[in-house]
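Keep in mind that this is a model prediction, so the values were computed, not measured.
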Amino acid sequence: MQTLNDYQDAALTLVAAPAGYGKSTAVRDWLTSRGTAFAWVTLDAGDNDLVRLWTYVATAVDRVREGLGRGPLKRLRVPGAPIEIQVDELMNGLAAFGNELVLVLDDLQCVTDTDCLASIDYALERLPATARLIAISRTDPALGLARLRARGQLAELRAEELAFTAAEARELFVDLTRLELEDAQIEVLRNRTEGWPAALFLAAFWLRSVNDPGRAVIEFSGEHRFVVEYLSREALTSLDDDTRWFLLRAAVLGRFTADLCDGVLGRSDSASVLDELERSHLFVIRLEHGGWWRVHSLFAEFAGFELASSEPGAAVGLRRRAALWCQSRGMVVETLEHAAAAGEDELVAEILTEHHLSLLRTGRARTLLRWMRTMSGQQLIAYPELAVVAATAAATVGHATIEQRRFLALASRAEAERPESATPYVQAVAGMVRAVTVDTDVRQAIVDGRRATEIAQASADEVLVAALAGYARALYFGDEL
């Protein structure tokens, strides 16, 4: 807390520590104690997309005061608009707020895309004096930390500051949990867990269920990376069968809503179960948008192991049902995530085939390309439409010539092996990509662009505008103005 108070002028406060160190809890408690306005965004791997990332940020800012994020939210709906314009407008909104406002990016380790990270660096350079960014991450993000540190604009809160002190451990075990432990016994636990808050909370939960907590402390041993599995097993035995059954299965779903749990688990009471688990501070965490939840990542890892041991194939079945549930509700990204986790390659390919145009037209080329990269060469040969779309996405994001050539080569293989798969759409898109990138010589690009345009005019109208643009670009570079 003192670190957060002492560096109020820092543009960026980095709260970095491994899982289970109470990073988010510490920041929330600090914000609550100060009564400061804040916009909180919890990130995941799907946020490696400029549009999605800044849509979430602008939405969170708009919740602080309606209208602060309205401008950038409108601009984010316009495909192809430079992200710097939206970021500048959002920074203007923060300045217009007038009062202190803290923007929190939680689980920033999930964001690895270089353009997304560069956009955060860009925002930090333009952050108004009344605003402050707090980044919560398990690892140091690839931001300009050295530059900010040299300027005195970086505050850092790390595992050593977040680890429980003797006083904090005593408050947990004696004041909150009402365990009759002596200071020496508490210190044994604190030393063996190195003050790791998650392990200490699990220890407190476990010790409540044993007859002689003091003796249990003495018997307890092991490095902290083994503590989670051991105590999670012990903690589960204290739950009633139904709650334990629910928690293990919800945990393997990643992010979920009560409705998703009802649909996948065949229940109608998931909302009340989740509310009770949250009140009990038992592993589940309510996210900030749309009624979504997640289970503590450490417990989620354990739950997957436990379920695989007791019911082989159960986790895959849950993910498969979740994919079908999300698909029936038009939740494209969520369907893809669950289908991929279930190994449903055919479903992933079908979803991408159906929705690739909407993803491209809404500025999601990077997200689309991320999914395409998970598909094998044989899968893309089986779905040549996806191979040429992947080439389009690679060309759209730029600096991916080798990858683009690979995707186009796979489409050509598909045409050679199965001529019937070379539909007019596939041929027009492939020609458009070759024309727009002018990958080899400009004369060939003009030929490819002309052919793509002719095919699109005859049989693939949805590609016509893009084909014309590619043809025009090739003509321009061929000096045929």
Side-chain angles (χ1 to χ4, degrees), residues 44-49 52 110 112-113 249 251-256 260 263-264 300-301 303-305 307-308 311-360 362 364-397 400 402-423 425-426 429-430 433:
D44 60 33
D47 296 322
N48 281 288
D49 178 288
R52 179 166 168 169
C110 296
T112 55
D113 179 77
R249 284 153 183 79
V252 303
L253 294 176
R255 293 190 316 139
F256 51 86
L260 173 58
V264 173
E301 293 172 9
F305 173 81
L307 207 55
E311 297 180 45
V316 171
L318 289 168
R319 287 287 205 164
R320 185 178 294 118
R321 291 198 292 277
L324 295 174
W325 188 91
C326 292
Q327 183 185 24
S328 69
R329 286 153 181 80
M331 302 164 65
V332 177
V333 174
E334 290 79 6
T335 301
L336 288 169
E337 289 171 351
H338 288 298
E344 293 287 343
D345 296 337
E346 288 296 316
L347 180 56
V348 170
E350 289 170 9
I351 295 295
L352 288 171
T353 300
E354 181 181 354
H355 294 282
H356 66 267
L357 277 178
S358 64
L359 289 170
L360 281 173
T362 55
R364 304 288 180 83
R366 290 182 182 278
T367 297
L368 184 60
L369 188 58
R370 178 167 62 88
W371 284 108
M372 297 298 189
R373 287 167 175 160
T374 67
M375 302 180 70
S376 68
Q378 286 304 315
Q379 284 178 286
L380 291 172
I381 290 172
Y383 288 87
E385 184 173 339
L386 293 184
V388 295
V389 168
T392 305
T396 301
V397 302
I402 294 175
E403 193 168 40
Q404 169 195 308
R405 290 173 182 168
R406 171 180 170 265
F407 289 131
L408 289 174
L410 290 170
S412 297
R413 275 187 58 189
E415 181 177 0
E417 295 174 12
R418 295 186 300 109
E420 72 280 2
S421 69
T423 63
Y425 181 86
V426 170
V429 173
V433 173

*To the nearest 0.5 Å, tell me how far M372 CE sits from L410 CG.*
12.0 Å

*asked:* Suppose we screen for salt bridge (charged side-chain N to carboxylate O under 4.0 Å, His left out). Which residues come up paired with E354, at least two apart in sequence or across chains?
replied: none

*Check A340 against V348 and note the closest heavy-atom contact, atom names and distance.*
N-CG2, 3.7 Å

*Sort out for me which residue in R255, R52, R370 forms a salt bridge (Lys or Arg N to Asp or Glu O under 4.0 Å) with D47.*
R52

*Using the test side-chain contact (heavy atoms from CB on, under 4.5 Å), find all partners of A308 that sit at least two apart in sequence or belong to another chain.*
none

*Which heavy-atom pair separates V252 from G304 by the least distance, and what is that distance?*
CG1-CA, 4.0 Å

_Using 0.5 Å steps for rounding, measure from the CG atom of L336 to the CG atom of L352._
5.0 Å

*Please report the shortest heavy-atom distance between Q404 and A395, naming the atom on each side.*
OE1-CB, 3.7 Å

Please output the side-chain donor-acceptor pairs of residues 379-390 that fall under 3.5 Å, not counting sequence neighbours, one pair per line with the distance.
residue: Q379; atom: OE1; partner: S376; partner atom: N; Å: 2.8
residue: Q379; atom: OE1; partner: S376; partner atom: OG; Å: 3.4
residue: Y383; atom: OH; partner: E346; partner atom: OE1; Å: 2.6

_Is the shortest side-chain heavy-atom distance between E344 and I351 below 4.5 Å?_
no

*Please report the shortest heavy-atom distance between T367 and G46, naming the atom on each side.*
OG1-O, 4.5 Å

*For A341, what residues pass the side-chain contact (heavy atoms from CB on, under 4.5 Å) criterion, not counting sequence neighbours?*
R319

*Decide side-chain contact (heavy atoms from CB on, under 4.5 Å) for M375 and D345; before the verdict, give the C-alpha distance in whole Å, the side-chain angles of both, and the deciding distance to 0.1 Å.*
CA-CA 8 Å; M375 302 180 70; D345 296 337; over 6 Å; no

_Quick check against the 3.5 Å criterion: does N48 have a side-chain atom that pairs as donor or acceptor with the backbone of C110?_
yes

*Are side-chain heavy atoms of L260 and H338 found at a separation under 4.5 Å?*
yes

*Drop me the distance from R418's CZ to R413's CZ, to the nearest 0.5 angstrom.*
11.5 Å

*Applying side-chain contact (heavy atoms from CB on, under 4.5 Å), name anything that partners T423, two or more places apart in sequence or on another chain.*
Y425, V426

*In Å and rounded to the nearest 0.5 Å, what is the OG1 to NE2 distance from T362 to H355?*
11.5 Å

Name each donor-acceptor pair under 3.5 Å that joins a side chain in residues 322-334 to protein atoms two or more places apart or in another chain, with its distance.
residue: S328; atom: OG; partner: W325; partner atom: O; Å: 2.7
residue: R329; atom: NH1; partner: W325; partner atom: O; Å: 3.1

*Do you know which two heavy atoms are closest between A393 and L369, and how far apart they sit?*
CB-CB, 4.1 Å

*Might you point out which heavy atoms bring H356 and T353 nearest each other, and give the distance in Å?*
ND1-O, 2.8 Å

*Run the numbers on R320 and V316 for side-chain contact (heavy atoms from CB on, under 4.5 Å), then give the verdict.*
CA-CA 6 Å; R320 185 178 294 118; V316 171; 3.4 Å; yes

_How long is the straight-line distance from CZ of R373 back to CG of L368, given to the nearest 0.5 Å?_
10.5 Å

